[in-house]
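Atom set for the values below is all heavy atoms of this structure, side chains included, hydrogens, waters and symmetry mates excluded. Position 1 is the first residue of the sequence; numbering continues from there.
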Amino acid sequence: MSVESVEEDESGWDVDPEDDWGVAVIATVGRQLRLRREAVGMRVPEFGKAIGYGEDLIYKVEGGKRIPRPEYLDKSDAALNAGGLIAAMKEDVAKVRYPKTVRDLAAIEGRAVELQLYDPLNIHGLLQTPEYARALFLMRRPAYAEAAVDRGVTVRMARKSLFERDPAPEISFVQDEGSLRRPLGGRAVQRGQLEHLLTVGQLRNVELQVMPMGREEHAGVDGGIEVLKFAEGTAIGRSPVMASGRPVSDPRQLRILELRYGIIRAQALTPRESTAFIERLLGEL
(Lines give C-alpha, C1' and ligand atoms only; values in the text may rest on other atoms or scores of the structure.)
Protein backbone atom coordinates (compact mmCIF):
# COMPACT_ATOMS: atom_id res chain seq x y z
CA MET A 1 0.00 0.00 0.00
CA SER A 2 1.34 3.45 -0.91
CA VAL A 3 2.08 6.19 1.58
CA GLU A 4 -0.86 8.12 0.10
CA SER A 5 -3.23 5.22 0.75
CA VAL A 6 -1.99 4.83 4.32
CA GLU A 7 -2.63 8.51 4.93
CA GLU A 8 -6.11 8.23 3.41
CA ASP A 9 -6.95 5.21 5.52
CA GLU A 10 -6.17 7.18 8.67
CA SER A 11 -9.04 9.56 7.86
CA GLY A 12 -11.24 8.51 10.75
CA TRP A 13 -11.28 7.26 14.32
CA ASP A 14 -11.67 3.81 15.85
CA VAL A 15 -14.97 2.98 17.52
CA ASP A 16 -14.87 2.43 21.28
CA PRO A 17 -16.25 -1.13 21.72
CA GLU A 18 -17.53 -0.25 25.19
CA ASP A 19 -19.62 2.65 23.86
CA ASP A 20 -22.86 0.83 23.05
CA TRP A 21 -24.64 3.86 21.64
CA GLY A 22 -21.62 4.83 19.54
CA VAL A 23 -21.22 1.30 18.18
CA ALA A 24 -24.90 1.23 17.16
CA VAL A 25 -24.70 4.63 15.43
CA ILE A 26 -21.58 3.83 13.43
CA ALA A 27 -22.90 0.38 12.48
CA THR A 28 -26.08 2.03 11.13
CA VAL A 29 -24.11 4.67 9.22
CA GLY A 30 -21.84 2.03 7.72
CA ARG A 31 -24.78 -0.13 6.69
CA GLN A 32 -26.55 2.80 5.02
CA LEU A 33 -23.38 3.72 3.13
CA ARG A 34 -22.95 0.17 1.87
CA LEU A 35 -26.61 -0.16 0.82
CA ARG A 36 -26.48 3.16 -1.02
CA ARG A 37 -23.26 2.22 -2.79
CA GLU A 38 -24.64 -1.16 -3.86
CA ALA A 39 -27.91 0.42 -4.97
CA VAL A 40 -26.10 2.59 -7.52
CA GLY A 41 -24.01 -0.39 -8.67
CA MET A 42 -20.64 0.99 -7.52
CA ARG A 43 -17.96 -1.44 -6.38
CA VAL A 44 -15.52 -0.59 -3.58
CA PRO A 45 -12.47 0.14 -5.82
CA GLU A 46 -14.53 2.46 -8.00
CA PHE A 47 -16.06 4.14 -4.97
CA GLY A 48 -12.63 4.62 -3.41
CA LYS A 49 -11.37 6.45 -6.51
CA ALA A 50 -14.50 8.59 -6.59
CA ILE A 51 -14.13 9.85 -3.02
CA GLY A 52 -10.33 9.71 -2.72
CA TYR A 53 -10.02 7.15 0.08
CA GLY A 54 -8.43 3.70 0.30
CA GLU A 55 -10.41 0.48 0.06
CA ASP A 56 -9.36 -0.61 3.54
CA LEU A 57 -10.93 2.48 5.10
CA ILE A 58 -14.14 1.99 3.10
CA TYR A 59 -14.50 -1.59 4.34
CA LYS A 60 -13.87 -0.43 7.92
CA VAL A 61 -16.46 2.36 7.69
CA GLU A 62 -19.09 0.17 6.05
CA GLY A 63 -18.39 -2.55 8.60
CA GLY A 64 -18.97 -0.18 11.49
CA LYS A 65 -15.34 -0.39 12.62
CA ARG A 66 -14.29 3.16 11.82
CA ILE A 67 -15.80 6.57 12.56
CA PRO A 68 -15.71 8.57 9.29
CA ARG A 69 -14.67 12.19 9.23
CA PRO A 70 -17.21 14.80 8.05
CA GLU A 71 -15.46 15.23 4.69
CA TYR A 72 -15.73 11.47 4.07
CA LEU A 73 -19.52 11.70 4.39
CA ASP A 74 -19.69 14.81 2.20
CA LYS A 75 -17.69 13.16 -0.57
CA SER A 76 -19.73 9.95 -0.27
CA ASP A 77 -22.97 11.91 -0.53
CA ALA A 78 -21.79 13.57 -3.74
CA ALA A 79 -20.36 10.40 -5.31
CA LEU A 80 -23.51 8.40 -4.58
CA ASN A 81 -25.94 11.20 -5.52
CA ALA A 82 -27.58 10.84 -2.12
CA GLY A 83 -29.06 14.33 -2.15
CA GLY A 84 -27.81 15.19 1.33
CA LEU A 85 -29.07 12.04 3.07
CA ILE A 86 -25.56 10.79 3.84
CA ALA A 87 -24.21 14.22 4.71
CA ALA A 88 -27.07 14.57 7.20
CA MET A 89 -25.50 11.76 9.26
CA LYS A 90 -22.65 14.06 10.27
CA GLU A 91 -24.47 15.34 13.35
CA ASP A 92 -24.79 11.92 15.00
CA VAL A 93 -21.33 10.85 13.81
CA ALA A 94 -19.84 14.02 15.33
CA LYS A 95 -21.15 13.00 18.74
CA VAL A 96 -19.77 9.47 18.48
CA ARG A 97 -16.24 10.54 17.65
CA TYR A 98 -15.93 11.94 21.17
CA PRO A 99 -15.28 9.17 23.74
CA LYS A 100 -18.20 8.38 26.02
CA THR A 101 -16.39 9.78 29.05
CA VAL A 102 -15.89 13.08 27.23
CA ARG A 103 -19.53 13.18 26.09
CA ASP A 104 -20.57 12.62 29.69
CA LEU A 105 -18.24 15.41 30.85
CA ALA A 106 -19.56 17.78 28.17
CA ALA A 107 -23.13 16.97 29.22
CA ILE A 108 -22.31 17.75 32.84
CA GLU A 109 -20.55 21.01 31.91
CA GLY A 110 -23.49 21.86 29.68
CA ARG A 111 -25.87 21.69 32.66
CA ALA A 112 -23.71 23.76 35.00
CA VAL A 113 -24.74 27.32 35.86
CA GLU A 114 -21.51 28.00 37.74
CA LEU A 115 -18.01 26.54 37.33
CA GLN A 116 -15.05 27.03 39.68
CA LEU A 117 -11.84 25.80 38.05
CA TYR A 118 -8.26 25.80 39.34
CA ASP A 119 -5.40 24.22 37.38
CA PRO A 120 -1.86 24.34 38.83
CA LEU A 121 -0.06 22.53 36.01
CA ASN A 122 -1.39 23.52 32.58
CA ILE A 123 -3.80 26.00 31.05
CA HIS A 124 -7.27 24.63 31.79
CA GLY A 125 -8.82 22.70 28.89
CA LEU A 126 -11.66 25.19 28.48
CA LEU A 127 -9.10 27.97 28.01
CA GLN A 128 -6.71 26.22 25.61
CA THR A 129 -6.12 27.24 22.02
CA PRO A 130 -5.96 24.41 19.43
CA GLU A 131 -2.21 24.95 19.10
CA TYR A 132 -1.59 24.76 22.84
CA ALA A 133 -3.80 21.69 23.17
CA ARG A 134 -1.88 19.97 20.37
CA ALA A 135 1.44 20.81 22.00
CA LEU A 136 0.15 19.40 25.28
CA PHE A 137 -0.96 16.12 23.69
CA LEU A 138 2.39 15.83 21.91
CA MET A 139 4.13 15.98 25.29
CA ARG A 140 2.38 12.81 26.52
CA ARG A 141 4.50 9.72 27.09
CA PRO A 142 4.22 7.10 25.76
CA ALA A 143 3.74 9.21 22.66
CA TYR A 144 0.26 9.39 21.15
CA ALA A 145 -0.35 8.43 17.54
CA GLU A 146 -1.02 11.42 15.29
CA ALA A 147 -4.65 10.37 14.87
CA ALA A 148 -5.06 10.25 18.65
CA VAL A 149 -3.57 13.74 18.95
CA ASP A 150 -5.96 15.07 16.29
CA ARG A 151 -8.91 13.48 18.04
CA GLY A 152 -7.83 14.83 21.42
CA VAL A 153 -7.60 18.38 20.07
CA THR A 154 -10.99 18.09 18.35
CA VAL A 155 -12.62 16.81 21.52
CA ARG A 156 -11.09 19.52 23.68
CA MET A 157 -12.14 22.32 21.36
CA ALA A 158 -15.71 20.97 21.21
CA ARG A 159 -16.07 21.45 24.98
CA LYS A 160 -15.62 25.20 24.48
CA SER A 161 -19.17 25.42 23.14
CA LEU A 162 -19.89 26.07 26.82
CA PHE A 163 -19.00 29.72 26.22
CA GLU A 164 -21.72 30.02 23.56
CA ARG A 165 -24.59 29.03 25.84
CA ASP A 166 -27.42 31.47 26.45
CA PRO A 167 -27.76 32.21 29.28
CA ALA A 168 -24.05 31.76 29.82
CA PRO A 169 -22.77 30.06 32.99
CA GLU A 170 -20.66 31.96 35.48
CA ILE A 171 -17.09 30.67 35.20
CA SER A 172 -14.17 31.34 37.54
CA PHE A 173 -10.65 30.28 36.52
CA VAL A 174 -7.48 30.40 38.61
CA GLN A 175 -4.22 29.60 36.84
CA ASP A 176 -0.80 29.20 38.42
CA GLU A 177 1.81 31.57 37.03
CA GLY A 178 3.99 28.61 36.06
CA SER A 179 1.37 27.36 33.59
CA LEU A 180 1.45 30.74 31.85
CA ARG A 181 5.24 30.91 31.63
CA ARG A 182 5.78 27.38 30.33
CA PRO A 183 6.33 27.74 26.53
CA LEU A 184 4.76 24.45 25.43
CA GLY A 185 4.92 24.26 21.63
CA GLY A 186 7.23 27.28 21.38
CA ARG A 187 7.01 31.01 21.91
CA ALA A 188 4.47 31.57 19.13
CA VAL A 189 2.08 29.07 20.69
CA GLN A 190 2.63 30.61 24.11
CA ARG A 191 1.92 34.08 22.78
CA GLY A 192 -1.27 32.93 21.08
CA GLN A 193 -2.40 31.22 24.27
CA LEU A 194 -1.78 34.29 26.44
CA GLU A 195 -3.62 36.50 23.96
CA HIS A 196 -6.54 34.07 24.07
CA LEU A 197 -6.60 34.27 27.86
CA LEU A 198 -6.93 38.04 27.64
CA THR A 199 -9.83 37.66 25.18
CA VAL A 200 -11.70 35.13 27.32
CA GLY A 201 -11.04 37.16 30.44
CA GLN A 202 -13.02 40.03 28.94
CA LEU A 203 -16.23 37.99 28.77
CA ARG A 204 -18.81 39.24 31.26
CA ASN A 205 -19.46 35.78 32.67
CA VAL A 206 -15.76 34.90 33.14
CA GLU A 207 -13.37 35.80 35.94
CA LEU A 208 -9.76 34.85 35.28
CA GLN A 209 -7.17 35.07 38.05
CA VAL A 210 -3.47 34.27 38.29
CA MET A 211 -1.78 32.73 41.33
CA PRO A 212 1.73 34.25 41.42
CA MET A 213 4.69 31.97 42.06
CA GLY A 214 5.95 34.36 44.75
CA ARG A 215 3.03 33.77 47.10
CA GLU A 216 4.19 32.48 50.49
CA GLU A 217 0.71 31.06 51.18
CA HIS A 218 -1.04 28.81 48.68
CA ALA A 219 -4.11 26.68 49.45
CA GLY A 220 -3.82 24.84 46.14
CA VAL A 221 -0.67 22.84 46.77
CA ASP A 222 -2.67 19.59 46.82
CA GLY A 223 -3.66 19.88 43.16
CA GLY A 224 -6.40 21.11 40.86
CA ILE A 225 -10.02 21.74 41.82
CA GLU A 226 -13.21 21.66 39.80
CA VAL A 227 -16.63 22.48 41.23
CA LEU A 228 -19.72 22.57 39.00
CA LYS A 229 -23.04 23.87 40.31
CA PHE A 230 -26.44 23.20 38.75
CA ALA A 231 -29.70 25.13 38.58
CA GLU A 232 -31.56 22.76 40.90
CA GLY A 233 -29.09 23.50 43.70
CA THR A 234 -26.93 20.37 43.39
CA ALA A 235 -23.22 20.32 42.64
CA ILE A 236 -20.37 18.01 41.72
CA GLY A 237 -16.66 18.44 42.40
CA ARG A 238 -13.33 16.84 41.72
CA SER A 239 -9.76 17.05 42.99
CA PRO A 240 -6.88 14.55 42.76
CA VAL A 241 -6.55 14.43 46.57
CA MET A 242 -10.20 13.60 47.21
CA ALA A 243 -11.83 10.21 46.41
CA SER A 244 -8.83 9.32 44.21
CA GLY A 245 -9.81 12.03 41.77
CA ARG A 246 -13.32 10.70 41.16
CA PRO A 247 -16.25 13.17 41.00
CA VAL A 248 -17.93 13.73 44.38
CA SER A 249 -21.37 15.09 45.26
CA ASP A 250 -21.36 14.59 49.05
CA PRO A 251 -22.07 18.00 50.68
CA ARG A 252 -19.24 17.58 53.19
CA GLN A 253 -16.67 16.90 50.48
CA LEU A 254 -18.02 19.70 48.31
CA ARG A 255 -17.73 22.11 51.24
CA ILE A 256 -14.03 21.28 51.56
CA LEU A 257 -13.42 21.83 47.84
CA GLU A 258 -15.31 25.13 47.87
CA LEU A 259 -13.40 26.23 50.98
CA ARG A 260 -10.07 25.53 49.31
CA TYR A 261 -11.13 27.20 46.09
CA GLY A 262 -12.34 30.28 47.94
CA ILE A 263 -9.01 30.63 49.73
CA ILE A 264 -7.11 30.12 46.46
CA ARG A 265 -9.11 32.93 44.85
CA ALA A 266 -8.43 35.20 47.82
CA GLN A 267 -4.68 34.50 47.61
CA ALA A 268 -4.52 35.00 43.83
CA LEU A 269 -4.31 38.30 41.96
CA THR A 270 -7.63 40.01 41.29
CA PRO A 271 -9.05 39.68 37.73
CA ARG A 272 -7.86 43.22 36.90
CA GLU A 273 -4.39 42.54 38.32
CA SER A 274 -4.30 39.22 36.48
CA THR A 275 -5.04 40.91 33.16
CA ALA A 276 -2.18 43.33 33.73
CA PHE A 277 0.08 40.43 34.73
CA ILE A 278 -0.68 38.50 31.51
CA GLU A 279 -0.10 41.65 29.46
CA ARG A 280 3.34 42.00 31.11
CA LEU A 281 4.15 38.38 30.27
CA LEU A 282 3.25 39.08 26.64
CA GLY A 283 5.58 42.04 26.67
CA GLU A 284 8.44 39.77 27.74
CA LEU A 285 8.03 37.44 24.73
Minimum side-chain heavy-atom gap His124-Gln175 below 4.5 Å: yes
CD on Glu170 to CG on Asn205, rounded to 0.5 Å: 5.5 Å
Lys/Arg-Asp/Glu bridge criterion (N-O < 4.0 Å) met for Arg191, Glu195: yes
Residues, nucleotides or ligands: over 12 heavy atoms within 6.0 Å of Glu232 CD: yes
Considering all heavy atoms, the nearest Gly201-Leu208 contact: CA-CB, 4.4 Å
Minimum side-chain heavy-atom gap Met213-Asp176 below 4.5 Å: no
Contact summary for Asp222 and Pro240, nearest pair of heavy atoms: O-CG, 4.0 Å
Salt-bridge present (Glu207, Arg265; N to O < 4.0 Å): yes
Val200 reachable from Phe277 in the ILVMFWY side-chain graph, under 4.5 Å edges: yes
Residues Glu109 and Arg159 bridged, charged N to O under 4.0 Å: yes
Shortest non-hydrogen contact from Thr129 toward Gly192: CG2-O, 3.9 Å
Minimum side-chain heavy-atom gap Phe173-Asp119 below 4.5 Å: no
Distance flag, aromatic centroids of Tyr118 and Tyr261, threshold under 6.0 Å: no
Straight-line distance of Met42 CE to Ile51 CD1, nearest 0.5 Å: 9.5 Å
SB check Glu71 Lys75 (cutoff 4.0 Å): no
Cluster overlap Leu136 with Val189, hydrophobic side-chain contacts below 4.5 Å: yes
From CA spacing to verdict: side-chain contact (heavy atoms from CB on, under 4.5 Å), Leu115, Leu162: CA-CA 11 Å; Leu115 296 89; Leu162 181 78; 4.0 Å; yes
Within-4.5 Å side-chain heavy-atom neighbours: Ser76 and Leu33: yes
Carboxylate-amine/guanidinium proximity below 4.0 Å for Arg215 and Glu177: no
Closest non-hydrogen atom pair between Ala133 and Arg156, with its separation: CB-CD, 4.2 Å
Side-chain donor/acceptor of Arg182 to backbone N/O of Leu121, under 3.5 Å: yes
Within-4.5 Å side-chain heavy-atom neighbours: Leu138 and Tyr144: no
Derivation and outcome, side-chain contact (heavy atoms from CB on, under 4.5 Å), residues Arg260 and Val241: CA-CA 12 Å; Arg260 290 176 182 168; Val241 296; 3.4 Å; yes
Student check: side-chain heavy atoms of Leu117 and Ile225 closer than 4.5 Å: no
Closest non-hydrogen atom pair, Arg181 against Arg187: O-NH1, 4.5 Å
Atom pair CD1/CG of Ile123 and Leu197 - distance to nearest 0.5 Å: 5.0 Å
Contact check, side chains of Leu57 and Val61, non-hydrogen atoms, under 4.5 Å: yes
Atom pair OG/CZ of Ser244 and Arg238 - distance to nearest 0.5 Å: 13.0 Å
Gap between atom OG of Ser179 and atom CG of Asn122 - 0.5 Å precision: 7.0 Å
Atom of Ser249, atom of Ala235 and distance for their closest heavy-atom approach: CB-O, 3.7 Å
Distance-only side-chain donor-acceptor flag, His196 / Gln128, under 3.5 Å: no
Electrostatic pair Glu258:Lys229 at N-O distance under 4.0 angstrom: yes
Non-hydrogen side-chain atoms of Leu194 and Leu180 separated by less than 4.5 Å: yes
Steps toward side-chain contact (heavy atoms from CB on, under 4.5 Å) verdict (Asp150, Arg134): CA-CA 8 Å; Asp150 289 343; Arg134 175 172 295 278; 2.7 Å; yes
Between Glu114 and Gln116, a side-chain donor and acceptor under 3.5 Å: yes
OG1 on Thr28 to CE on Met89, rounded to 0.5 Å: 8.5 Å
Test side-chain contact (heavy atoms from CB on, under 4.5 Å) applied to Ile86 and Gln32, step by step: CA-CA 8 Å; Ile86 293 176; Gln32 292 300 317; over 6 Å; no
Heavy atoms of other groups near Glu284 CD, more than 12 under 6.0 Å: yes
Leu259 reachable from Leu257 in the ILVMFWY side-chain graph, under 4.5 Å edges: no
